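Keep in mind that what you see is a predicted model, and the values were worked out from it rather than measured.
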Amino acid sequence: MSIRRTTKAARGAVATASALGLALLVAGCGGGGDGGAQTPDGRKPAAHSATPDDGSAGSPAADADKVIGEMKGPDGIEVTLHSAVRDSGGFVTVEGTVTNRGTRAFNAIDWRSNETELKSRSSISGATLVDKTGKKRYLVLRDTNGECLCTTGLSGLLPGQSRPVFAQFPAPPAKVTEVDFQLPTMPPATVRITD
């Protein structure tokens, strides 16, 4: 066998092995990313989304029956908080529902942070958690692309409509179980953090 044929055969074998390895890598990375994780009651955990997946602007948050805090602001805007959960990664995620009980459309422009680097102009990036005992304020986390880890695109909420909202914060120390959730233009709501 000539050197040329041997080299061609070796290249073909490397190409086949590379393609097979790439196919296995892609297959291992697929599947939705939740690894089939389920909650203790057998349901899949809720995924956080900046906007509703089904396009229905009126769908409330998943735990809408549970209320851990309420905030009533100007122009008939109400925020009902459903959970404040600490996870093992060192974060606290607050979930709730914003409802427009007023007479005109609502845009969350006043709820955004004053940071100029943030991309979304209608978000709840100005939300904070306040540990009154430890005298610390926790800001909404940001990703590397300049977006908050919170609900974005919160605009055009018509009278009578509701939308789910969430915001993720660094977790206060484990001994802190009660914090104030704050949004600009709204009174604070004291909530209990659960694990």
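In this structure, Ile109 CD1 and Thr185 OG1 are separated by 12.0 Å, a value rounded to the nearest 0.5 Å. In this structure, SG in Cys148 is found 9.5 Å from CG in Leu141, a value given to the nearest 0.5 Å. Distance check, rounded to the nearest 0.5 Å: CG of Asp75 to OG1 of Thr103 gives 7.5 Å. Here the straight-line distance linking atom OG1 of Thr194 with atom CZ of Arg192 works out to 10.0 Å at 0.5 Å rounding. Annotation: the span from Arg86 atom CZ to Asp195 atom CG amounts to 5.5 Å, rounded to 0.5 Å.
Side-chain atoms of Ser162 and Thr99 form a donor-acceptor pair, as typed in the model, at a separation below 3.5 Å. Of the N and O atoms on the side chains of Thr128 and Arg137, at least one donor lies less than 3.5 Å from an acceptor on the other residue.
Look at Asp131 and Lys136 and you find no salt bridge, because none of the NZ, NE, NH1 or NH2 atoms lies under 4.0 Å from a carboxylate O.
Phe166 approaches Thr93 most closely through the heavy-atom pair CD1-CG2, 4.4 Å. The minimum heavy-atom distance linking Ser123 with Cys150 is given by the pair CB-SG, 4.2 Å. Between Pro159 and Arg104, the shortest heavy-atom contact is CG-N, 3.6 Å. Listed here is the closest heavy atom pair of Pro187 and Met71: O-CE, 3.2 Å. Counting all heavy atoms, side chain and backbone alike, Arg163 lies closest to Gly153 at NH1-O, 3.7 Å. Pro170 and Leu139 make their closest contact through CD-O, 3.3 Å (heavy atoms, listed as atom of the first residue, atom of the second, distance).
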| message | side chain to side chain contact (heavy atoms under 4.5 Å, CB included) for Arg142 and Leu149? Distances and angles first, verdict last. | response | CA-CA 6 Å; Arg142 296 350 186 213; Leu149 297 181; over 6 Å; no

| message | Before you tell me yes or no, could you show the steps for Lys135 and Thr133 under side chain to side chain contact (heavy atoms under 4.5 Å, CB included), namely the whole-Å CA-CA distance, both residues' side-chain angles and the distance that decides it to 0.1 Å? | response | CA-CA 5 Å; Lys135 297 183 183 350; Thr133 306; over 6 Å; no

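Proximity of Gln168 to Val92: side-chain heavy atoms (C-beta onward) are nowhere separated by under 4.5 Å. In this structure the side chain of Val179 reaches within 4.5 angstrom of the side chain of Val191, judged on heavy atoms. Contact check for Lys132 versus Asp180: side-chain heavy atoms found under the 4.5 Å cut-off. At a threshold of 4.5 Å between non-hydrogen side-chain atoms, the residues Val85 and Asp87 do not count as touching. Looking at Thr190 and Glu178, their side chains come closer than 4.5 Å, going by heavy atoms from C-beta outward. In this structure the side chain of Ile77 reaches within 4.5 angstrom of the side chain of Val98, judged on heavy atoms. Residues Asn100 and Leu158 have side chains not in contact (no heavy-atom distance under 4.5 Å, counting atoms from C-beta outward). No side-chain heavy atom of Leu154 sits less than 4.5 Å from a side-chain heavy atom of Arg112.
Judged by distance alone, with hydrogens and angles left aside, the side-chain atoms of Arg101 form no donor-acceptor pair with the main-chain N or O of Gln161 at under 3.5 Å. The backbone N or O of Val67 lies less than 3.5 Å from no partner atom in the side chain of His82, so there is not a single donor-acceptor pair. In this structure a side-chain-to-backbone donor-acceptor pair under 3.5 Å is missing from Trp111 to Leu183. Checking side-chain atoms of Ser125 against main-chain N and O of Ser113 turns up a donor-acceptor pair under 3.5 Å. A donor-acceptor pair under 3.5 Å links the side-chain atoms of Asp143 to the main chain of Asn145, judged by distance alone.
Cluster membership for Val176 and Leu81, using ILVMFWY side-chain heavy atoms within less than 4.5 angstrom, is shared. A single hydrophobic cluster is not seen to contain both Val94 and Phe91; linkage of ILVMFWY side chains at heavy-atom distances under 4.5 Å, directly or through other members, places them apart. Cluster annotation: Val140 is connected to Tyr138 through the hydrophobic network of ILVMFWY side chains, with a link wherever side-chain heavy atoms come within less than 4.5 Å.
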